[in-house]
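Notes follow the structure.
Residue numbers count from 1 along this sequence. On a predicted model such as this, the values are computed, not experimentally measured, just so you know.
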Amino acid sequence: MMLSAKSKPYIDASVPVLREHGLAITAAFYQNMFEAHPELKNLFNMGNQANGSQQQSLAAAVFAYAANIENTAALAPVIERIVHKHVSVGIKAEHYPIVGKHLLGAIKQILGNAATADLLDAWAEAYGLLADALMVAEAKLYQQNNQQPDEWLKVKVLEKIHHTNDMVSFILQADNGSELPKFKAGQYISVAVQLAESNLRQIRQYSLSDASDKHTYRITVKRENADEYKPKGNVSNWLHTYVKVGGILEVSHPCGNFTPNLLEKRPIGLISAGVGITPMLSILNALALTNQNRPVLFAHAARSQNHIAHFAEILNTKTLLTYAELAFFLNEVDDTRSHQIKGRMNLGKCVPATYQDAVFYICGPQVFMDEQRDVLLALGIKASDIHREVFGPESLNHII
């Protein structure tokens, strides 16, 4: 993305302005866009809108874009992740002019007279470059997936398996008996549900939690309960409460770029906490099928063993891998079992010295992922060998 010489000084000058006013701009953007196009609420996570996290995330993204507009290496992984997310929810080319109009309108609304015609023209150019790049990449991914934008697969629930008090797996097959699209270990599908209480169609992403060697998909869903920090998860609660065996769901084609090269020989670390274990299960099971001699470190943080979904499956899969190491960091430890370490995750205790050239994949709460990335960097792991999966609003501290 090459910005014109005329526009670049205005974008550069916007960086401190966005740091100060970015949240106000994005809050105004969402409010104005939803008032003009209420149908777009069906494409956005309205829970994240309600608690303000989506506005904060977009503010950070706009700021990061301005600060790195010609730093392709920094922006490329973020843009690739956005492309997969957009395809998974059915974003179309026709949505981009709407977003652009209301983003520029919000900049003018919040900055007032400081939003000169030249500044707005510069941001129109910058947004146009980003929108064009996203539309081209999304069209390519739709083509690779052999799907149309906003095309959904109807699947039937074959099994509903309770693992813990708040974790349930759903085994899904195509409702028409056809073969479901293949997926790469680490990818996710979007699930779309109609919520009666809000009269909204809401979409959420769930990692596929098994290897792609079957004619089914498996997702493992944590019921997100309300607490002082966040509202309840409307979709996760709906799935836990209302979806029964034999029920029909609408899901997207598999998406996501959290996909290791399974056939590599160098060690791989799978680091997770909470429901972040789900893509790691897919990767671990896929390695057991394709590359059993690869060194694998599977490290997971949870409250107790009873809070780990698929615990027995993980132990069984380890027996199929020649050089697998497990480490469960738990608040409550059952001393009769191995692989358990009491307390918060400390990768310094479990990353072998032979993993200096390893590639690491991290999934869990944002704070957890930021902490583990910092630890890995301190251990000498290259930043380019550390990958994170992000479902909610993303922290972009590593590029801003």
Side-chain angles (χ1 to χ4, degrees), residues 42-45 47 80-92 138 141-161 163 167-195 201-224 233-240 242-243 245 247-260 272 275-286 309-310 361 363 389-392:
N42 291 323
L43 291 174
F44 287 83
N45 183 326
E80 185 181 7
R81 196 151 46 234
I82 291 172
V83 166
H84 279 268
K85 176 72 173 291
H86 282 184
V87 168
S88 82
V89 301
I91 294 293
K92 303 176 182 179
E138 287 158 16
L141 185 53
Y142 280 125
Q143 185 176 27
Q144 288 175 352
N145 287 351
N146 193 29
Q147 68 171 116
Q148 297 298 314
D150 201 27
E151 176 185 330
W152 294 84
L153 307 170
K154 289 190 180 297
V155 294
K156 180 184 294 185
V157 179
L158 285 182
E159 297 181 64
K160 181 178 181 180
I161 305 164
H163 300 285
M167 297 274 274
V168 169
S169 286
F170 298 95
I171 310 297
L172 312 171
Q173 73 171 13
D175 183 40
N176 61 6
S178 64
E179 187 171 330
L180 290 168
K182 297 295 183 184
F183 64 91
K184 296 178 181 179
Q187 287 195 305
Y188 58 81
I189 55 174
S190 287
V191 178
V193 304
Q194 188 70 33
L195 300 176
R201 185 175 188 263
Q202 288 286 272
I203 302 169
R204 298 292 186 272
Q205 289 71 47
Y206 297 101
S207 291
L208 293 152
S209 60
D210 203 353
S212 183
D213 68 322
K214 305 177 178 70
H215 297 293
T216 57
Y217 290 162
R218 184 178 76 181
I219 58 174
T220 304
V221 180
K222 179 184 177 185
R223 183 198 297 269
E224 297 291 349
N234 288 326
V235 175
S236 66
N237 277 268
W238 189 91
L239 291 171
H240 272 248
Y242 296 110
V243 175
V245 172
I248 304 297
L249 291 172
E250 286 191 331
V251 305
S252 72
H253 286 245
C255 287
N257 62 341
F258 190 71
T259 52
S272 59
V275 74
I277 199 171
T278 52
M280 306 311 183
L281 288 163
S282 177
I283 297 168
L284 189 72
N285 290 344
H310 306 284
Y361 288 77
C363 189
E389 180 62 295
V390 181
F391 288 116

Show the nearest heavy-atom pair for residues Asn237 and Glu224, with the distance to one decimal.
ND2-O, 2.9 Å
Quick one: side-chain contact (heavy atoms from CB on, under 4.5 Å) partners of Gln148, sequence neighbours excluded?
Glu151
Taking Ser282 for its side chain and Ser209 for its backbone only, find out whether a donor-acceptor pair lies under 3.5 Å.
no
Kindly compute the distance separating CG (Leu281) from OG (Ser207), expressed to the nearest 0.5 Å.
9.5 Å
Value for CG (Leu180) from NE2 (His215), rounded to nearest 0.5 Å, stands at 9.5 Å
For a quick test of reading the model, state the closest non-hydrogen atom pair linking Asn146 to His253 and the distance between them.
O-CE1, 4.2 Å
Would you say the side chain of Pro181 lies within less than 4.5 Å of the side chain of Gln147, judging by non-hydrogen atoms?
no
Closest non-hydrogen atom pair between Pro279 and Gly276, with its separation
CD-O, 3.3 Å
On a heavy-atom basis, which atom in His84 and which in Leu141 lie closest, and how many Å separate them?
ND1-CD2, 3.6 Å
Using ring centroids (six-membered ring only for Trp), state whether Tyr217 and Phe183 fall under 6.0 Å.
yes
Are the side chain of Lys184 and the backbone of Phe258 linked by a donor-acceptor contact shorter than 3.5 Å?
no
Of all the heavy-atom pairs spanning Pro254 and Lys182, show the shortest one and how long it is.
CG-O, 3.8 Å
Is the closest side-chain heavy-atom distance between Ile171 and Gln173 below 4.5 Å?
no
Looking at Gln187 and Gly256, would you say the former's side chain and the latter's main chain have a donor-acceptor pair under 3.5 Å?
yes
Could you state the interatomic distance from CG (Leu284) to NE2 (His310), rounded to the nearest 0.5 Å?
12.0 Å
If you measure from CG on Asp175 to CG on Leu153, what distance do you get to the nearest 0.5 Å?
11.0 Å
Would you say that Ser190 contacts Trp152 through its side chain, given a criterion of any heavy-atom pair below 4.5 Å between the two side chains?
yes
Would you please test His163 and Thr220 for side chain to side chain donor-acceptor pair (under 3.5 Å) and show each step?
CA-CA 9 Å; His163 300 285; Thr220 304; 4.9 Å; no
Salt bridge (charged side-chain N to carboxylate O under 4.0 Å, His left out) partners of Arg204, counting only residues at least two apart:
none
Evaluate whether atom CG of Asn176 has more than 12 neighbouring non-hydrogen atoms of other residues, nucleotides or ligands under 6.0 angstrom away.
yes
To check you understand the geometry: which heavy-atom pair defines the closest contact between Glu389 and Gly186, and what is its length?
OE2-O, 3.9 Å
Yes or no on side-chain contact (heavy atoms from CB on, under 4.5 Å) for Val168 and Leu239, after CA distance, side-chain angles and deciding distance?
CA-CA 9 Å; Val168 169; Leu239 291 171; over 6 Å; no
Say you draw a straight line from CZ of Arg218 to OG1 of Thr278; how long is it, rounded to the nearest 0.5 Å?
9.5 Å
Val83, Val87, Ile189 screened by side-chain contact (heavy atoms from CB on, under 4.5 Å) with Cys255, the one that passes:
Val87
So, does Asn42 use its side chain to make a donor-acceptor pair with the main chain of Arg201 at under 3.5 Å?
yes
Any chance you could measure Tyr142, atom OH, to Ile91, atom CD1, to the nearest 0.5 Å?
7.0 Å
So does Val243 get a backbone contact from the side chain of Lys160, meaning a donor-acceptor N/O pair under 3.5 Å?
yes
Does a side-chain heavy-atom distance below 4.5 Å link Val235 with Tyr206?
yes
Beyond-backbone contact of Gln194 with Trp238, side-chain heavy atoms, under 4.5 angstrom
no
Answer yes or no: is there a side-chain heavy-atom contact under 4.5 Å between Val157 and Leu172?
yes
